[in-house]
There are 2 protein chains.
Amino acid sequence: MDDIGHKDGSGSEAISVRATRIQDVAKLADVSTATVSRALATPERVSPEARARVLEAIAKTGYVPNPAARTLRSQKTYMVLVVLPDLANTFFSKILRGIEETLFEAGYGMIIGDLDGSPEKEAHFAAFTAAGRVDGAILLNGHLFGQSRGGEGISARITIPLVALCESIPGADIPQIEIDNRAAASRMTQHLASLGHRSIAYVSGPASNILERERFQGFKDGLAASGLPFEPVQVIPGDYTIEAGVRAGRDIVARRDRPTAVFCTSDEMAIGLMRTLFSAGLRVPDDISVAGFDDIDFAVVAEPSLTTIRQPRRELGQAAASALIDLLQGRPSPKRIRLETELVIRDSVAPL
Amino acid sequence: MDDIGHKDGSGSEAISVRATRIQDVAKLADVSTATVSRALATPERVSPEARARVLEAIAKTGYVPNPAARTLRSQKTYMVLVVLPDLANTFFSKILRGIEETLFEAGYGMIIGDLDGSPEKEAHFAAFTAAGRVDGAILLNGHLFGQSRGGEGISARITIPLVALCESIPGADIPQIEIDNRAAASRMTQHLASLGHRSIAYVSGPASNILERERFQGFKDGLAASGLPFEPVQVIPGDYTIEAGVRAGRDIVARRDRPTAVFCTSDEMAIGLMRTLFSAGLRVPDDISVAGFDDIDFAVVAEPSLTTIRQPRRELGQAAASALIDLLQGRPSPKRIRLETELVIRDSVAPL
DNA sequence: CGGCCGCATGTAATCGATTACATGAAACTT
DNA sequence: AAGTTTCATGTAATCGATTACATGCGGCCG
């Protein structure tokens with residue numbers, strides 16, 4: 001680290017140019033603070049002349065209402081917390097973008113809570129929420145605050161609207177936005193079977209994960225629907241990462257009795273797996289077919305391009321944000337939204 | 001969209017169980033509110049007995065200070081805004097994680113401002129900042145608020161600490177955290193030249209981008225240092241995306257006189273480009289060498305694995321957050337930090 | 001013409017913490 | 001012993017907006 005020169009902390013001690021307050025505007029427009037406030041919040045309740053003077057004064061002074069004061073009085077923060085397990089994961093960032101743009105249009109800001117696998121952080125965000133720093137929260141982590149380890153004390157105090165996104169939270173009476181993981185996994189499995197594959201391996205997500213359980217059910221559904229038996233040896237454990245795909249690939253390469261198709265429950269794993277097969281001299285899809293899940297940007301430029309399930313990530317984010325905004329504004333909100341997935345057929349899967 | 005059932009907005013209209021206030025704690029502990037406040041902020045200025053009674057009362061009531069009230073009085077929000085051009089980009093999410101974890105440890109929350117190429121959003125975040133909703137901001141977008149289009153009115157009011165990350169902001173008197181893009185690009189160019197390549201193409205970023213200008217200079221430096229002439233035809237325009245890499249690949253495939261090596265200024269472009277070359281029957285690195293920049297997760301599983309420049313993304317985020325926290329807490333802060341990059345040699349580049 | 005209503009506006013309470021200043025007791029100082 | 005310092009604590013002003021309530025004016029109705 002090459003550290004050139006120093007700058008003192010004067011930025012934070014800057015001569016505090018006290019910002020324009022509502023009082024200043026009121027004085028300049030020769031009205032009361034109440035009138036200024038009303039001119040902004042309920043213009044129709046203020047005479048046109050007064051309103052004009054207020055607006056002029058605001059323009060002249062560049063007045064911006066103090067959010068802390070506003071929040072203190074009105075109990076509204078215009079902030080939403082988004083809790084997610086891993087910010088560095090490609091899968092989430094597109095979703096976040098959908099959330100952010102929808103919140104933005106409605107005048108809400110987005111605060112990120114990256115759990116990073118730490119229960120300590122989870123407790124922190126629960127406290128954060130309980131303290132009233134946000135008006136609502138979107139949960140991408142598959143459970144309510146403190147539901148995992150005894151943080152009930154705090155979570156009981158969380159009375160703000162919540163929305164579950166992607167990982168449904170069983171038993172929680174909050175809007176749930178997701179895809180039909182089970183149906184999608186079943187569909188892909190049947191697609192593989194329909195091409196003649198009888199021996200299909202399944203690379204799983206983390207066992208504790210709800211997504212994983214749904215997709216696994218779907219896999220079994222698909223086998224059953226195709227008249228194929230389920231055999232535990234077909235399941236290779238994974239955790240959605242590239243590295244897990246690489247490990248699963250090594251597993252398959254080492255097998256005497258190889259499956260003819262592999263269904264990976266994330267594109268990352270599929271890409272890592274294909275790479276490992278390739279290095280071992282196995283050709284995809286000639287020797288073995290590989291399918292993914294998610295349709296991330298890299299799926300189309302993988303070699304071969306990846307057959308996968310497309311999740312509408314941006315739309316998922318938008319739908320969750322919309323549902324939350326409905327709740328925040330006292331409107332009824334859909335209780336459960338299931339967005340459609342799409343089977344994207346590319347080159348990594350071929351008939352047997 | 002399959003919309004099952006409805007839930008009314010009762011979440012937001014819930015019977016407002018007024019939260020515990022400092023007054024309630026004071027009454028229970030039989031002290032004044034001032035003592036409660038001091039017991040939390042400056043425990044050493046309160047007698048042990050009073051402190052114990054206060055803490056007990058807090059435990060009993062589950063009191064959490066109201067952040068809005070605190071902010072109103074103390075002018076501290078404990079929030080930081082992170083402004084970035086594209087949240088969906090893999091490159092940023094690892095950086096964000098570094099920022100988030102460092103801010104978190106220091107007790108700050110992170111608000112995301114995704115510009116999404118919209119000047120309107122930029123103005124919004126400038127106003128947001130000017131309104132005092134955050135204590136500081138980290139700018140990943142290469143310019144100060146309103147510096148691009150006449151938002152000077154608002155940006156003049158932004159007196160909070162700022163830090164520039166990745167894209168340096170020339171002329172701004174704020175800490176700048178970055179890598180030495182020029183040196184890194186030069187190094188890669190020389191690496192290619194040292195392997196015997198005389199005809200090296202360069203796939204650029206957006207021309208207006210500061211990163212791009214630095215890397216382009218580095219490319220020319222590297223050519224010069226290797227005794228190679230620079231020829232404009234070597235430059236293929238890009239914008240860091242996979243698709244731009246695909247387009248650049250088509251360009252190269254169509255050329256009569258192909259370069260023997262291609263230096264892409266992002267891994268996304270390199271991967272898209274390799275894919276296009278492969279589809280056209282050109283082999284990497286046998287027929288043509290390809291180098292990237294960033295070392296994203298997919299670089300190692302690309303086929304062939306990608307020779308690239310590693311940027312310490314998490315550390316960049318951490319360093320920027322640390323610098324900002326220094327400023328926020330009135331400590332001196334490094335004015336400029338340059339983190340080291342690393343030339344990562346894999347299989348996509350070979351001697352001529 | 002007197003009373004009632006509605007409208008535009010102002011006054012001041014309120015949100016919940018922090019903190020300057022005041023107070024009184026105990027501990028020193030000379 | 002009187003005066004000074006220190007310490008723990010309380011009182012109340014303050015941050016800056018929102019909003020319940022009060023006021024005064026003009027129009028309308030009977």
Side-chain angles (χ1 to χ4, degrees), chain A residues 16-55 57-58 61-79 107 127-128 130-133 135 157, chain B residues 16-55 57-58 61-79 107 127-128 130-133 135 157:
Chain A
S16 148
V17 189
R18 198 209 281 289
T20 327
R21 294 157 314 173
I22 198 170
Q23 278 211 21
D24 307 325
V25 174
K27 194 169 294 174
L28 192 60
D30 197 30
V31 295
S32 72
T33 61
T35 300
V36 176
S37 182
R38 283 189 283 252
L40 291 170
T42 52
E44 73 281 4
R45 302 190 45 74
V46 170
S47 70
E49 309 82 55
R51 200 188 314 156
R53 287 211 309 285
V54 167
L55 293 179
I58 288 176
T61 56
Y63 166 74
V64 180
N66 180 311
R70 185 179 279 205
T71 297
L72 178 58
R73 183 70 229 252
S74 64
Q75 308 287 9
K76 295 213 163 299
T77 62
Y78 285 97
M79 281 288 157
F128 188 92
R133 298 187 69 160
D135 292 343
R157 294 174 190 285
Chain B
S16 146
V17 188
R18 199 211 282 290
T20 330
R21 296 157 310 170
I22 198 169
Q23 278 212 20
D24 307 325
V25 174
K27 195 169 294 173
L28 193 60
D30 196 32
V31 294
S32 71
T33 61
T35 300
V36 176
S37 181
R38 282 190 284 252
L40 290 169
T42 53
E44 73 280 4
R45 302 191 45 73
V46 171
S47 71
E49 307 83 55
R51 201 190 312 158
R53 288 211 309 285
V54 167
L55 293 180
I58 288 176
T61 56
Y63 166 74
V64 180
N66 180 311
R70 186 178 277 206
T71 297
L72 178 58
R73 183 69 231 249
S74 65
Q75 308 287 6
K76 295 211 163 299
T77 62
Y78 285 96
M79 280 289 159
F128 188 92
R133 300 186 68 158
D135 292 343
R157 294 173 191 285

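Convention: sequence-line order gives letters A, B, ...; per-chain numbering from 1.
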State whether the side chain of Thr71(B) and the backbone N or O of Lys76(B) hold a donor-acceptor pair below 3.5 Å, judged by distance alone. yes
Please tabulate the protein-to-nucleotide N/O contacts below 3.5 Å involving nucleotides 17-22 of chain C, giving atom names and distances.
unit_1	atom_1	unit_2	atom_2	d
dA17(C)	OP1	Tyr63(B)	OH	3.0
dA17(C)	OP1	Asn66(B)	N	3.1
dA17(C)	OP2	Ile22(B)	N	2.2
dA17(C)	O5'	Tyr63(B)	OH	3.1
dT18(C)	OP1	Arg70(B)	NE	3.2
dT18(C)	OP1	Arg70(B)	NH2	3.4
dT18(C)	OP2	Ser37(B)	OG	2.6
dT18(C)	O2	Arg73(B)	NH1	2.3

Asp30(B) side chain to Lys27(B) backbone, donor-acceptor under 3.5 Å: no
With five pairs defining each end axis, the helix from dC1(C)-dG30(D) to dT30(C)-dA1(D) comes out bent, to 10°, by 50°
Report the distance from atom CD of Gln75(A) to atom CG of Asn66(B), rounding to the nearest 0.5 Å. 6.5 Å
Residues which pass side chain to side chain donor-acceptor pair (under 3.5 Å) with Thr77(B), listed by chain and number, not counting sequence neighbours: Asp135(B)
When you measure from the side chain of Ser47(B) to the backbone N and O of Ala50(B), does any donor-acceptor pair fall under 3.5 Å? yes
Distance from Arg133(A) atom CZ to Met79(A) atom CE, nearest 0.5 Å? 10.0 Å
A side-chain contact here means heavy atoms from C-beta on lying under 4.5 Å apart; do Ile22(B) and Tyr63(B) qualify? yes
Mind checking what makes side-chain contact (heavy atoms from CB on, under 4.5 Å) contact with Ala29(A), not counting sequence neighbours? Val31(A), Arg53(A), Val54(A), Ala57(A)
Enumerate donor-acceptor pairs with a distance under 3.5 Å from any side-chain N or O in residues 32-40 of chain B to protein atoms, sequence neighbours excluded.
unit_1	atom_1	unit_2	atom_2	d
Ser32(B)	OG	Ala34(B)	N	3.4
Ser32(B)	OG	Thr35(B)	N	3.3
Ser32(B)	OG	Thr35(B)	OG1	3.3

Residues from residues 43-50 of chain A sitting under 4.0 Å of DNA chain D, heavy atoms only? none
